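Please read all numbers here as calculations on a predicted model, not as lab measurements. For reference, positions follow the sequence shown, starting with 1.
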Amino acid sequence: MSDLPRRAVARSAKLAALPIGFAGRTALGLGKRIGGKSAEIVAQEIQERTAEQIFKVLGELKGGAMKLGQALSIFEAALPAEIAGPYRATLTKLQDAAPPLPTATVHKVLVEQLGDDWRENFQSFDDKPTAAASIGQVHKAVWHDGRTVAVKIQYPGAGKALLSDFTQLARLGKLFGVLLPGLDIKAVLNELRERVIEELDYLREAEAQHAFAQEFKDDPDFLIPDVIAANEQVLVSEWVDATPLSRVITDGTQEERDRAGLQLVRFLFSSPARLGMLHADPHPGNFRILDDGRMCVLDFGAVNRLPDGYPPLFGKLTRIFNNGDMETVVQGLRDEGFIRPHIEVDTEALRAFLAPYVEPTSVEEFSFSREWLQQQAAMATDLRPNNVVRQLNLPVSYVLIHRVHTAGIGVLCQLGATARFRQEVIRWVPGFADEDTGEPTLASA
C-alpha cells in the first residue's frame, strides 16, 4: 500500500479502460443483432461481459475501488457465480493478506504523527503487525502506564489513493447502469466517497469508538475497547484478548454459534436506538468472543450516524409485508426512493424476492444457513432486464444500512445460527410493532 501514489497512473489507466471496453462490446452486440440474435440475448451477453470486466478490474485494485466492491454487494448478488466468484476470492485475499508496511515506514509514520520522541509513549512496541486491512494496520504495544494497547496506523498515501479511485469510478456510471438500470449509481458513489473520507479520519473514528465504549460499558452482552489516544492517522485503544468470530464459525459449538448470531443482531439493531449510531462494517474480523461469553466489537471507521435512530420505514414496511399488503409496500418503496419513478416492477416478483428476507421476522425462531443464502442468491443471478433485483434503487440514506444488512446476513449464515431474532426486531426496530397491539401480526400460512 505504501507505493499507491506512485502507481496512480497505472491505476487510472485500468479504470479508464472500462468505458472503452464497454463501447467495443456494445458495437459487437449490434453486429450480432444484425446477424440474427435476439435483442434480449445480446443485451444479456453485454451485461455479463461488462460485469466480468468491472469486477476483474476492481479486484486488481485496492483503495477506493476495493471499498466500492465491498460496499456495493448488491452488484455481486446480481451476478452469476462464475463472474462474482473470482472477484470475491480477490477481495478476501486483499482483506486477509494485505502486505504489511516495512518497519522503517511504520516508524516514519509514528515520528510524523507522534513526534521524534514517540517511543516515550510506549513501554514496548511490536514492529510486526497483528492485522492489516485496506487502509491501515494494527500493532500490539504496551502503553507508558503499563496497559496493553492496539495501535492502528494508516498507510501513507492511502487517502490520496482512495479519492483518486473514486474520481475515476464516478465516470463509470453508464457501465453500472447496464447491470442495474434501476440504481442511481452517481448518488451512491457520492455517498460512498463521503463515507470513505470519514473512514480516513481516525479522530472521527476515535470519537465514535469512545461513544460506543461509554454506552456499552458494563453491558452483559458486549465489550467495546475504549480509546486511549488518537490523531488523524494513529489510533491507540485498549487491547482485548478474545476468540475471533471466524474461529467460532469454524470450530464453535451450535450453542456458541447461536449465541454469537443473536448477539450480532442485538448489537446492530440496538445501537441506533441506544446512541444514534450503526456499526457499518459487520464482517467476522471485527468481532471477538470473550471467555465470559461477551462479544467484543472492533473497528469503528465505518459508522452510520442515525441521530433519530433506525428509520421507522424499515420496520413499518416489514410489518405491512407480513400482513400481505403488497400495494402499500410497493408505494412505500416508491416514496422512499427504492423504486425510481420511471421503473415498473412486477409486484409478485418483488414479493417473492423479499419474502425470504422478511421470513426471520415472521416466525418465532429462525435458522440461517449457507444453503438458505445460496437459494436467495440464486434468485438474484438472473441478468435478464425483467429481473426485479435489477430494477431496485438504493437511496443514499440506506447505502450503509444495506451494507450492514447484506454483510450481517452473510455472517449469520456462516454461523448457521438459530435464535429468536424476531424478538430483537420487536424490541429495537421502530415501526415493526403493530400500533394497536404492540405486537407484529404474523404472516398467514
Side-chain angles (χ1 to χ4, degrees), residues 208 211-224 245 255-282 286-287 289-290 292-297 300 303-323 329 332 336 354-368 372 397-398 400-413 415-443:
F212 272 89
Q214 291 299 302
E215 173 60 36
F216 287 92
K217 187 177 181 180
D218 300 323
D219 191 286
D221 290 313
F222 306 102
L223 171 66
I224 315 297
L245 187 61
E255 182 181 358
E256 290 169 337
R257 289 185 282 119
D258 291 346
R259 176 177 171 82
L262 186 62
Q263 285 174 310
L264 176 67
V265 170
R266 181 172 298 161
F267 176 75
L268 295 175
F269 280 149
S270 69
S271 298
R274 294 178 65 168
L275 74 158
M277 295 185 190
L278 174 66
H279 185 289
D281 195 10
N286 288 334
F287 300 92
I289 303 299
L290 281 76
D292 62 10
R294 287 180 297 167
M295 174 176 280
C296 172
V297 186
F300 294 83
V303 169
N304 194 6
R305 285 160 172 80
L306 301 169
D308 298 324
Y310 213 84
L313 178 81
F314 171 75
K316 180 180 178 181
L317 290 185
T318 301
R319 169 168 52 84
I320 293 172
F321 182 97
N322 282 337
N323 288 335
V329 170
E336 197 69 10
L354 293 176
Y357 297 100
V358 177
E359 185 182 356
T361 72
S362 66
V363 293
E364 290 299 330
E365 188 173 79
F366 186 81
S367 296
F368 285 94
W372 175 85
S397 60
Y398 287 88
L400 290 186
I401 292 175
H402 169 75
R403 175 177 169 179
V404 170
H405 282 184
T406 54
I409 287 174
V411 175
L412 290 170
C413 290
L415 284 165
T418 297
R420 298 170 66 86
F421 299 107
R422 176 170 169 267
Q423 292 303 314
E424 301 301 316
V425 179
I426 293 173
R427 182 179 181 186
W428 299 112
V429 178
F432 181 68
D434 188 283
E435 295 178 359
D436 296 328
T437 65
E439 285 285 326
T441 303
L442 292 177

K.L.:
Can we call the ring centroids of F267 and F216 under 6.0 Å apart?
P.N.:
yes
K.L.:
When rounded to the nearest 0.5 angstrom, what is the spacing between CG in L268 and CD1 in I401?
P.N.:
11.5 Å
K.L.:
For a quick test of your reading: what N or O donor-acceptor pairs under 3.5 Å do the side chains of residues 303-312 make, sequence neighbours left out?
P.N.:
unit_1	atom_1	unit_2	atom_2	d
Y310	OH	H405	NE2	2.3

K.L.:
Are the side chains of I224 and Q214 in touch, meaning some heavy atoms are under 4.5 Å apart?
P.N.:
no
K.L.:
State, yes or no, whether a side-chain contact exists between W428 and P272 at a heavy-atom distance under 4.5 Å.
P.N.:
no
K.L.:
Could you grab the distance from atom CG of L412 to atom OG of S367, nearest 0.5 Å is fine?
P.N.:
11.0 Å
K.L.:
Using a strict threshold of under 4.0 Å (side-chain N to carboxylate O), is an ion pair present between D219 and R266?
P.N.:
no
K.L.:
Which pair of heavy atoms, one from G408 and one from P282, lies closest together, and at what distance?
P.N.:
N-CG, 4.1 Å
K.L.:
Determine the minimum heavy-atom distance between D281 and N286, stating which atoms define it.
P.N.:
O-ND2, 2.7 Å
K.L.:
Is the ring pair F212/F300 parallel, tilted or perpendicular, if the boundaries are 30 and 60 degrees?
P.N.:
tilted
K.L.:
Can you confirm whether E336 sits close enough to L317 that some side-chain heavy atom of one is under 4.5 Å from a side-chain heavy atom of the other?
P.N.:
no
K.L.:
So, the side chain of D258 versus the backbone of T418: is there a donor-acceptor pair under 3.5 Å, distance only?
P.N.:
yes
K.L.:
Please test Q263 against R259 for side chain to side chain contact (heavy atoms under 4.5 Å, CB included), starting from the C-alpha separation and ending with a verdict.
P.N.:
CA-CA 6 Å; Q263 285 174 310; R259 176 177 171 82; 3.4 Å; yes
K.L.:
Classify the ring geometry between F421 and F368 as parallel (under 30°), tilted (30 to 60°) or perpendicular (over 60°).
P.N.:
perpendicular
K.L.:
Indicate yes or no for a side-chain donor-acceptor contact from E424 to the backbone of L262 under 3.5 Å, with no hydrogens or angles considered.
P.N.:
no
K.L.:
Measure the spacing between CG of L400 and NE2 of H279 and express it to the nearest 0.5 Å.
P.N.:
11.5 Å
K.L.:
Looking at F366, does the NZ or CZ of R422 lie under 6.0 angstrom from its six-membered ring centre and within 45 degrees of the ring axis?
P.N.:
no
K.L.:
Using 0.5 Å steps for rounding, measure from the OH atom of Y357 to the CD1 atom of I409.
P.N.:
6.5 Å
